[in-house]
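Down below is the structure, laid out as structure tokens.
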Amino acid sequence: MVRTDDGSGPPGAALVLRSLPRDTSAFTNRSAELESLVLSVRAAQEAGEGLPVHVIDGMPGVGKTAFAVHVGHSSRSGSRTDSFS
């Protein structure tokens, strides 16, 4: 929690980092799933709604985290090199 300078006031806003791990350059073969998630997130952003929650499941080692990071990079507003917003 973040407090005012003298520590006597109520907690302030916490610092939110907007960064993702690096995307993999070898990501392949999930174009339908990627498109579905990216379109869902962009539609919610454009409508000014809260972002939808998606669940990615699968056996260990099949690339769930790599897929989630790739979706995050693909869902950025603007170009893929902008900071996540």
Side-chain angles (χ1 to χ4, degrees):
M1 295 205 304
V2 178
R3 297 199 177 272
T4 57
D5 290 340
D6 63 5
S8 63
L15 175 65
V16 176
L17 299 177
R18 293 187 172 138
S19 62
L20 290 170
R22 289 185 179 173
D23 200 2
T24 179
S25 61
F27 186 83
T28 59
N29 201 24
R30 293 284 183 242
S31 58
E33 294 89 347
L34 176 65
E35 182 178 1
S36 175
L37 282 174
V38 170
L39 290 176
S40 174
V41 169
R42 286 189 179 154
Q45 287 174 328
E46 290 170 3
E49 300 172 352
L51 295 179
V53 175
H54 299 307
V55 177
I56 303 167
D57 70 344
M59 296 177 60
V62 296
K64 296 178 299 291
T65 300
F67 179 69
V69 168
H70 192 71
V71 169
H73 282 282
S74 298
S75 298
R76 294 175 182 212
S77 44
S79 74
R80 292 187 181 196
T81 58
D82 292 342
S83 63
F84 193 70
S85 58

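Numbering of residues begins at 1 and proceeds along the displayed sequence. Keep in mind it's a predicted model, so treat the numbers as computed, not measured.
Between the OG1 atom of Thr24 and the NE2 atom of His73 there is a distance of 10.0 Å, given to the nearest 0.5 Å.
The side-chain hydrogen bond (donor to acceptor under 3.5 Å, both in side chains) check on Ser40 picks up His54, with sequence neighbours excluded.
Looking at every heavy atom in both residues, Val69 comes nearest to Asp23 through CG1-CA, 4.2 Å.
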Could you pull out all donor-acceptor pairs under 3.5 Å where a side-chain atom in residues 56-67 meets a protein atom, sequence neighbours excluded?
| unit_1 | atom_1 | unit_2 | atom_2 | d |
| --- | --- | --- | --- | --- |
| Lys64 | NZ | Gly58 | O | 3.2 |
| Lys64 | NZ | Met59 | O | 3.0 |

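More than 12 heavy atoms of other residues, nucleotides or ligands shown are found within 6.0 angstrom of CD on Glu33.
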